[in-house]
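Just so it is clear: chains get the letters A, B, ... in the order the sequence lines come, proteins before strands, and each one is counted from 1.
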Number of protein chains: 2
Amino acid sequence: MSPKQHRPATIIEVAKLAGVSPSTISRVLNGTAVVAPETAQRVREAIDQLGFSPHPAARQLVMNRTNMIGVLLQEISGAFFPPMLKGIEAGVREAGYDLLIYSRQNEQASVRFGEHSVDGLIIFAGSMDEASLRRYYEREFPVVLLHQTPPPDCPYPFVTVENKSGAEMLVSHMIEVHHRRRIVYLQGPENHEDSHWRERGYREALQAHNIAFDPALIASGGFDEVEAGDAIENLLLDGVEFDAVFAGDDDAAVGVIAALKQAGRSVPQDVSVVGFDDVPFSRYISPPLTTVRAPIEQVGRTAVQLLVKCLRNQPCEAEVLLPTELVIRQSCGCE
Amino acid sequence: MSPKQHRPATIIEVAKLAGVSPSTISRVLNGTAVVAPETAQRVREAIDQLGFSPHPAARQLVMNRTNMIGVLLQEISGAFFPPMLKGIEAGVREAGYDLLIYSRQNEQASVRFGEHSVDGLIIFAGSMDEASLRRYYEREFPVVLLHQTPPPDCPYPFVTVENKSGAEMLVSHMIEVHHRRRIVYLQGPENHEDSHWRERGYREALQAHNIAFDPALIASGGFDEVEAGDAIENLLLDGVEFDAVFAGDDDAAVGVIAALKQAGRSVPQDVSVVGFDDVPFSRYISPPLTTVRAPIEQVGRTAVQLLVKCLRNQPCEAEVLLPTELVIRQSCGCE
DNA sequence: AGGTTTTCTGAAAACGTTTTCACTATTCTA
DNA sequence: TAGAATAGTGAAAACGTTTTCAGAAAACCT
């Protein structure tokens, strides 16, 4: 059908073939003005015949928008990101945009990243320093934050989950039904807001049950399987007594369980272990993991929806907090 | 530092400030010609002062390349895609490109997708029909295929793993060391090439040990947890006798194990179960899964490297087959 | 029937770069 | 010292769209 030309057809060739001006082609393409039905028909035929599709760069240049949404994150790995990414992808698709992924493993985010490469940016916690963020804000560049509250002087919208109440449910459960009293908490990466709120929930649950907070029971698990395993190992080596572990997240929990077994402690008889997030494999590990379900996919999708509202200059929530839900399995000691 | 202008600076303003022509700015920006050291210095200062960065669309328009690589896949979920994506991301980053993700959940891939939006495309098995693929080939659009051999008339490069020998190792192991003779194979999604080769390996292992192939032992597991579980349930209901299951992949294997336990069969005492891929959680399920390690991340990275070679008109392998490796854990019956 | 609105279309400017070509000043060659 | 090569720079065309403006033809009014 279409000729074997190496260069794809341009709007001008289509115009010539249809016997009209480029303006008219543009109009039927975008429905931006009414054109006579017969003309439109001729144009459509010409388009088909040449297999024409408009050059995005040309369009971007004149319209000053790319129709792309960017997402900035630290790394794709872990059990946590895939569902989040999936939600983002779905949201982006629904809204008719394309998705540009930036994972800056360790490099600093380029100051001017995405400035005109994308129409808006979704930034995951910790992927960008405050200074850069502020620069975006000054330029009124659309951004929504994920699992991170913005600094007060650049009030970007953000979406996250109810970390504190989730954590509270978790440790209250271990205290109330399994009578645990010495519960260790494994912190996430430094300055990770999720970790901060989970620790708050942990402390409040302790307090509500009149259990004194013991700093010796806090260690760093990095939301990471091996780091968490090492942390537990060290605790054991140091002779710290504990009968339960709130691992921070599910990834860390599997590391904890492995380390505990390795050391000859049985889970959940000797020590209860709980995670956070309810990633897909949590139900399959041994013992099946008691955790809190975070609507990860929904977080991603919601973020996109917020961003799109901003892009359309529609009013948009300043923050959304998605609910979490306790899911009891067996690693806490339940049957 | 930079003025609070709403519109970012253009190359022309930089040129004015530095007292040179736009051409010169372009030259120091791209190092495309030698410019006097003092001039270059002045230009760099002007660039910094205005916080200038070139508009990608303008550049794309004139250079006719986007500096983006696209990846087309069906869905981000499953344990398989994240590592693959991670590898792709790493490769893309290394090569200095950006990554555009297209997941077409169920919609057909637009015929002209990516034609000028990306410089090249990585297409995962089954994400594009042959007709569209052929159209790309006619237009000499750079593509590399993932886990799929191209049709003979469009010999695009492809990368995949040694499915056949991996499967062979797996079932030979079950035959030789665990004396299994009635081994079911759960096929993947229809026309999935990985599944095809794994079945070949399965059959050859059978044959090598003089075990007759029994069609009753073949069912469809879809490389999916619940589909695989259902398949096993049905086999059990139909009274089919078997003492081992090669589940097709790891996702399916967890479904199989769950279904077996549900039915009161113990794994691995009553029946051996093995998967394929060695996704991260495989070691943590109960019992730990015997499987074959496929270098998934490496597959993604290699694909990008091939694609980049094509983009640079360097010679590039027509196919690369990454080796697989047996990893013995306990679901087969080993200790 | 004459004026006014409406409908449809085209010319041309703009978007922000890269690149070719030509030109000047400088350095080299013999 | 004259001519030739070289280094450094600028003017302007090109990339492929969208959009503003204005004009022609057709339809509508009274």
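- The CZ-C1' distance, from B:Arg65 to C:dT17, rounds to 14 Å in whole Å.
- Atoms CD and OG, on A:Gln148 and A:Ser127 in that order, are 8.0 Å from each other to the nearest 0.5 Å.
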| task | Go through the steps for B:Thr160 and B:Glu193 under the test side chain to side chain contact (heavy atoms under 4.5 Å, CB included), then give the verdict. | result | CA-CA 10 Å; B:Thr160 185; B:Glu193 232 171 84; over 6 Å; no
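- When all heavy atoms of A:Met128 and A:Leu72 are compared, the closest pair comes out as CE-CD2, 3.5 Å.
- Centroid-to-centroid, the aromatic rings of A:Phe81 and A:Phe124 come within less than 6.0 Å.
- By the 6.0 Å contact criterion, CD on B:Glu190 is open, its count of non-hydrogen atoms from other residues, nucleotides or ligands being 12 or less.
- With sequence neighbours excluded, no residue satisfies side chain to side chain donor-acceptor pair (under 3.5 Å) with B:Arg27.
- With rounding to whole Å, B:Glu38 atom CD is found 9 Å from D:dG8 atom P.
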| task | Produce a footprint string for nucleotides 7-16 of chain C: one letter per nucleotide, 5' end first; B if the base is under 4.0 Å from any protein heavy atom, S if only the sugar-phosphate is, - if neither. | result | -SBBBB--BB
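- Between atom CD1 of residue B:Ile88 and atom CG of residue B:Leu99 there is a gap of 7.0 Å, rounded to the nearest 0.5 Å.
- The nearest whole Å value for the distance from the CD1 atom in B:Ile25 to the P atom in D:dG10 is 9 Å.
- Each end of the helix from C:dA1-D:dT30 to C:dA30-D:dT1 gets its own axis from five base pairs, and the two axes differ in direction by 30°, given to 10 degrees.
- Using bins of under 30°, 30° to 60° and over 60° for the plane-to-plane angle, the ring pair A:Tyr156/A:Tyr137 lands in the perpendicular bin.
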